[in-house]
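Inspection log for the structure reproduced underneath, given as C-alpha coordinates.
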Amino acid sequence: MKKFFYLCIIVAVGFSLVSCGNKNPKNEEAVEQDPYYSSSMERSAADTAAIVQLATQYLDLLKENKITEAVDMLHEVDSVELKPLSNERKNTVINGLKKYPVLSYTIEEIKMFTDDNTELRYVYEFMPKPEGADNLPNTMKGLIGFFRLGETWYMTVPEDKVDPTINDMKNAEYSSDNN
(Lines give C-alpha, C1' and ligand atoms only; values in the text may rest on other atoms or scores of the structure.)
Protein backbone atom coordinates (compact mmCIF):
# COMPACT_ATOMS: atom_id res chain seq x y z
CA MET A 1 0.00 0.00 0.00
CA LYS A 2 2.91 2.35 0.79
CA LYS A 3 4.40 1.67 -2.63
CA PHE A 4 1.10 2.61 -4.31
CA PHE A 5 0.89 5.82 -2.24
CA TYR A 6 4.48 6.83 -3.19
CA LEU A 7 3.77 6.00 -6.83
CA CYS A 8 0.70 8.31 -6.82
CA ILE A 9 2.73 11.14 -5.28
CA ILE A 10 5.53 10.73 -7.86
CA VAL A 11 3.01 10.75 -10.74
CA ALA A 12 1.27 13.85 -9.34
CA VAL A 13 4.57 15.71 -8.92
CA GLY A 14 5.60 14.65 -12.43
CA PHE A 15 2.39 16.01 -13.95
CA SER A 16 2.74 19.29 -12.10
CA LEU A 17 6.36 19.74 -13.28
CA VAL A 18 5.43 19.01 -16.88
CA SER A 19 2.47 21.37 -16.87
CA CYS A 20 4.48 24.24 -15.32
CA GLY A 21 7.58 23.53 -17.38
CA ASN A 22 6.43 25.32 -20.55
CA LYS A 23 7.54 28.89 -19.88
CA ASN A 24 6.95 30.15 -23.44
CA PRO A 25 4.55 33.08 -23.62
CA LYS A 26 1.08 32.19 -24.73
CA ASN A 27 0.06 33.27 -28.18
CA GLU A 28 -2.70 35.73 -27.50
CA GLU A 29 -5.00 36.39 -30.39
CA ALA A 30 -5.78 40.00 -31.08
CA VAL A 31 -9.39 40.84 -30.35
CA GLU A 32 -11.05 41.86 -33.57
CA GLN A 33 -12.60 45.30 -33.33
CA ASP A 34 -16.19 45.76 -34.44
CA PRO A 35 -15.97 47.81 -37.68
CA TYR A 36 -19.05 49.84 -36.69
CA TYR A 37 -17.39 51.24 -33.56
CA SER A 38 -15.01 54.15 -34.02
CA SER A 39 -11.88 53.70 -31.95
CA SER A 40 -11.25 57.44 -32.14
CA MET A 41 -14.60 58.42 -30.61
CA GLU A 42 -14.31 59.37 -26.98
CA ARG A 43 -17.17 57.90 -24.97
CA SER A 44 -17.89 59.07 -21.47
CA ALA A 45 -20.44 58.64 -18.73
CA ALA A 46 -21.63 62.17 -19.53
CA ASP A 47 -22.43 61.10 -23.11
CA THR A 48 -24.39 58.10 -21.89
CA ALA A 49 -26.25 60.23 -19.33
CA ALA A 50 -27.12 62.86 -21.96
CA ILE A 51 -28.47 60.21 -24.34
CA VAL A 52 -30.51 58.47 -21.64
CA GLN A 53 -31.88 61.81 -20.42
CA LEU A 54 -33.00 62.86 -23.93
CA ALA A 55 -34.53 59.45 -24.65
CA THR A 56 -36.32 59.37 -21.29
CA GLN A 57 -37.71 62.85 -21.86
CA TYR A 58 -38.90 61.84 -25.35
CA LEU A 59 -40.45 58.54 -24.21
CA ASP A 60 -42.10 60.16 -21.17
CA LEU A 61 -43.73 62.75 -23.45
CA LEU A 62 -45.03 59.93 -25.65
CA LYS A 63 -46.29 58.09 -22.57
CA GLU A 64 -48.16 61.28 -21.55
CA ASN A 65 -49.64 61.36 -25.09
CA LYS A 66 -47.79 64.62 -25.89
CA ILE A 67 -46.85 63.27 -29.30
CA THR A 68 -46.28 66.57 -31.11
CA GLU A 69 -44.07 67.87 -28.31
CA ALA A 70 -42.05 64.64 -28.38
CA VAL A 71 -41.67 64.66 -32.17
CA ASP A 72 -40.47 68.27 -32.02
CA MET A 73 -37.38 66.87 -30.26
CA LEU A 74 -36.42 64.81 -33.34
CA HIS A 75 -34.09 65.93 -36.11
CA GLU A 76 -33.01 64.70 -39.51
CA VAL A 77 -29.68 64.79 -41.28
CA ASP A 78 -29.76 66.23 -44.77
CA SER A 79 -26.44 66.19 -46.61
CA VAL A 80 -24.19 68.07 -44.14
CA GLU A 81 -26.91 69.74 -42.11
CA LEU A 82 -28.75 68.70 -38.95
CA LYS A 83 -32.22 70.23 -38.87
CA PRO A 84 -35.69 69.72 -37.38
CA LEU A 85 -37.93 67.22 -39.14
CA SER A 86 -39.67 68.46 -42.26
CA ASN A 87 -43.44 68.87 -41.90
CA GLU A 88 -43.98 65.83 -44.13
CA ARG A 89 -41.66 63.62 -42.08
CA LYS A 90 -43.06 65.00 -38.82
CA ASN A 91 -46.63 64.10 -39.89
CA THR A 92 -45.53 60.59 -40.87
CA VAL A 93 -43.89 60.04 -37.46
CA ILE A 94 -46.87 61.51 -35.57
CA ASN A 95 -49.33 59.28 -37.44
CA GLY A 96 -47.26 56.20 -36.67
CA LEU A 97 -47.05 57.09 -32.98
CA LYS A 98 -50.81 57.67 -32.80
CA LYS A 99 -51.40 54.15 -34.14
CA TYR A 100 -49.03 52.59 -31.61
CA PRO A 101 -49.03 54.76 -28.46
CA VAL A 102 -46.42 54.32 -25.73
CA LEU A 103 -48.11 53.04 -22.54
CA SER A 104 -44.85 51.98 -20.85
CA TYR A 105 -41.27 51.48 -21.99
CA THR A 106 -37.93 49.93 -21.08
CA ILE A 107 -34.60 51.16 -22.42
CA GLU A 108 -32.66 48.08 -23.48
CA GLU A 109 -29.28 49.23 -24.83
CA ILE A 110 -27.20 52.03 -26.24
CA LYS A 111 -24.86 51.42 -29.17
CA MET A 112 -22.35 54.24 -29.49
CA PHE A 113 -20.73 53.52 -32.85
CA THR A 114 -19.65 57.05 -33.81
CA ASP A 115 -20.69 60.64 -33.13
CA ASP A 116 -23.12 60.51 -36.03
CA ASN A 117 -24.19 56.89 -35.63
CA THR A 118 -25.38 56.19 -32.10
CA GLU A 119 -28.54 54.25 -31.28
CA LEU A 120 -30.73 53.73 -28.25
CA ARG A 121 -32.97 50.67 -28.41
CA TYR A 122 -36.09 50.31 -26.31
CA VAL A 123 -39.20 48.14 -25.96
CA TYR A 124 -42.60 49.67 -25.39
CA GLU A 125 -46.08 48.46 -24.61
CA PHE A 126 -48.63 49.86 -27.07
CA MET A 127 -51.78 48.22 -25.68
CA PRO A 128 -52.78 46.50 -22.47
CA LYS A 129 -52.64 42.72 -22.71
CA PRO A 130 -56.20 41.35 -22.53
CA GLU A 131 -56.81 38.87 -19.75
CA GLY A 132 -56.25 35.30 -20.91
CA ALA A 133 -54.43 36.38 -24.10
CA ASP A 134 -50.92 35.38 -23.06
CA ASN A 135 -49.76 34.78 -26.64
CA LEU A 136 -51.09 38.11 -27.99
CA PRO A 137 -48.14 40.46 -28.58
CA ASN A 138 -48.57 43.91 -27.05
CA THR A 139 -45.03 45.28 -27.26
CA MET A 140 -42.82 46.65 -30.01
CA LYS A 141 -39.14 47.46 -30.28
CA GLY A 142 -38.11 51.02 -31.00
CA LEU A 143 -34.95 52.79 -32.01
CA ILE A 144 -33.85 56.38 -31.56
CA GLY A 145 -30.83 57.67 -33.44
CA PHE A 146 -28.42 60.17 -31.89
CA PHE A 147 -26.04 62.61 -33.49
CA ARG A 148 -23.41 64.67 -31.66
CA LEU A 149 -22.34 68.13 -32.79
CA GLY A 150 -19.61 69.47 -30.56
CA GLU A 151 -20.66 68.50 -27.05
CA THR A 152 -24.42 68.45 -27.76
CA TRP A 153 -26.42 65.33 -28.59
CA TYR A 154 -29.49 65.49 -30.86
CA MET A 155 -32.10 62.80 -31.43
CA THR A 156 -32.60 61.76 -35.04
CA VAL A 157 -35.03 59.61 -36.97
CA PRO A 158 -32.90 56.51 -37.68
CA GLU A 159 -33.81 56.17 -41.38
CA ASP A 160 -32.41 59.64 -42.03
CA LYS A 161 -28.91 58.96 -40.79
CA VAL A 162 -26.12 59.58 -43.27
CA ASP A 163 -23.45 57.00 -44.03
CA PRO A 164 -20.41 58.46 -42.20
CA THR A 165 -18.06 57.15 -44.92
CA ILE A 166 -19.77 59.39 -47.51
CA ASN A 167 -20.05 62.67 -45.61
CA ASP A 168 -17.83 64.27 -43.03
CA MET A 169 -20.35 65.48 -40.44
CA LYS A 170 -17.75 66.91 -38.06
CA ASN A 171 -18.22 70.40 -39.56
CA ALA A 172 -22.00 70.16 -39.90
CA GLU A 173 -24.09 73.13 -38.89
CA TYR A 174 -27.42 73.18 -37.14
CA SER A 175 -30.26 74.80 -39.09
CA SER A 176 -33.48 75.86 -37.36
CA ASP A 177 -35.34 76.18 -40.66
CA ASN A 178 -38.39 73.96 -40.75
CA ASN A 179 -39.43 72.79 -44.25
Side-chain angles (χ1 to χ4, degrees), residues 31-39 41-78 81-149 151-166 169 172 174-179:
V31 176
E32 190 173 316
Q33 184 176 354
D34 188 331
Y36 290 106
Y37 286 95
S38 169
S39 59
M41 179 182 163
E42 292 182 26
R43 297 166 182 91
S44 70
D47 290 318
T48 303
I51 288 170
V52 170
Q53 184 219 7
L54 279 171
T56 301
Q57 182 182 358
Y58 171 76
L59 292 167
D60 284 346
L61 286 170
L62 291 176
K63 192 174 166 183
E64 296 166 9
N65 205 28
K66 296 178 181 178
I67 296 172
T68 303
E69 196 174 329
V71 172
D72 284 342
M73 296 176 68
L74 299 175
H75 298 80
E76 58 190 348
V77 178
D78 180 20
E81 195 173 54
L82 179 69
K83 59 186 182 179
L85 294 181
S86 66
N87 287 332
E88 179 183 348
R89 185 72 172 135
K90 185 185 287 190
N91 289 333
T92 301
V93 173
I94 288 171
N95 289 335
L97 291 168
K98 284 181 179 178
K99 288 179 186 175
Y100 299 101
V102 175
L103 303 180
S104 66
Y105 65 89
T106 303
I107 294 174
E108 290 201 324
E109 67 180 335
I110 299 173
K111 299 238 180 205
M112 298 179 87
F113 301 116
T114 61
D115 286 346
D116 55 354
N117 185 11
T118 293
E119 301 172 347
L120 180 134
R121 298 171 189 214
Y122 62 96
V123 174
Y124 72 98
E125 181 182 17
F126 62 89
M127 70 174 197
K129 189 171 277 232
E131 197 170 316
D134 292 338
N135 60 350
L136 180 67
N138 68 331
T139 61
M140 293 178 74
K141 291 187 177 199
L143 176 73
I144 304 170
F146 286 87
F147 189 99
R148 181 168 67 177
L149 280 178
E151 297 300 315
T152 305
W153 285 97
Y154 297 91
M155 290 192 304
T156 62
V157 178
E159 295 86 359
D160 293 336
K161 286 191 295 187
V162 176
D163 182 352
T165 61
I166 296 172
M169 299 302 292
Y174 180 78
S175 170
S176 61
D177 297 337
N178 197 5
N179 296 353

Checklist outcome for this item: Which of T139, V123, T56 passes side chain to side chain contact (heavy atoms under 4.5 Å, CB included) with Y105? Answer is T56
Checklist outcome for this item: By salt bridge (Lys or Arg N to Asp or Glu O under 4.0 Å), K66 pairs with (sequence neighbours left out) E64
Checklist entry - Of all residues at least two apart in sequence or in a different chain, which pass the salt bridge (Lys or Arg N to Asp or Glu O under 4.0 Å) check with D72? => result K90
Would you name the heavy atoms of [X] and [Y] that are closest together and state the gap between them?
X	Y	result
T114	T118	O-OG1, 2.7 Å
H75	Y154	CE1-CD2, 3.7 Å
F146	A55	CZ-CB, 4.1 Å

Are side-chain heavy atoms of [X] and [Y] found at a separation under 4.5 Å?
X	Y	result
L74	R89	no
D116	V77	no
T156	L82	yes
L120	M155	no
M140	Y100	yes
E125	N138	yes
L59	Y124	no

State whether the side chain of [X] and the backbone N or O of [Y] hold a donor-acceptor pair below 3.5 Å, judged by distance alone.
X	Y	result
D47	S44	yes
E119	L143	no
K129	L136	yes

Would you give the length of the straight line joining atom [atom1] of [X] to atom [atom2] of [Y], rounded to the nearest 0.5 angstrom?
X	Y	atom1	atom2	value
T106	Y122	OG1	OH	12.0 Å
N91	K98	CG	NZ	8.5 Å
W153	D115	CH2	CG	5.5 Å

Checklist entry - Is it the case that more than 12 heavy atoms not belonging to E109 sit under 6.0 Å from its CD atom? => result yes
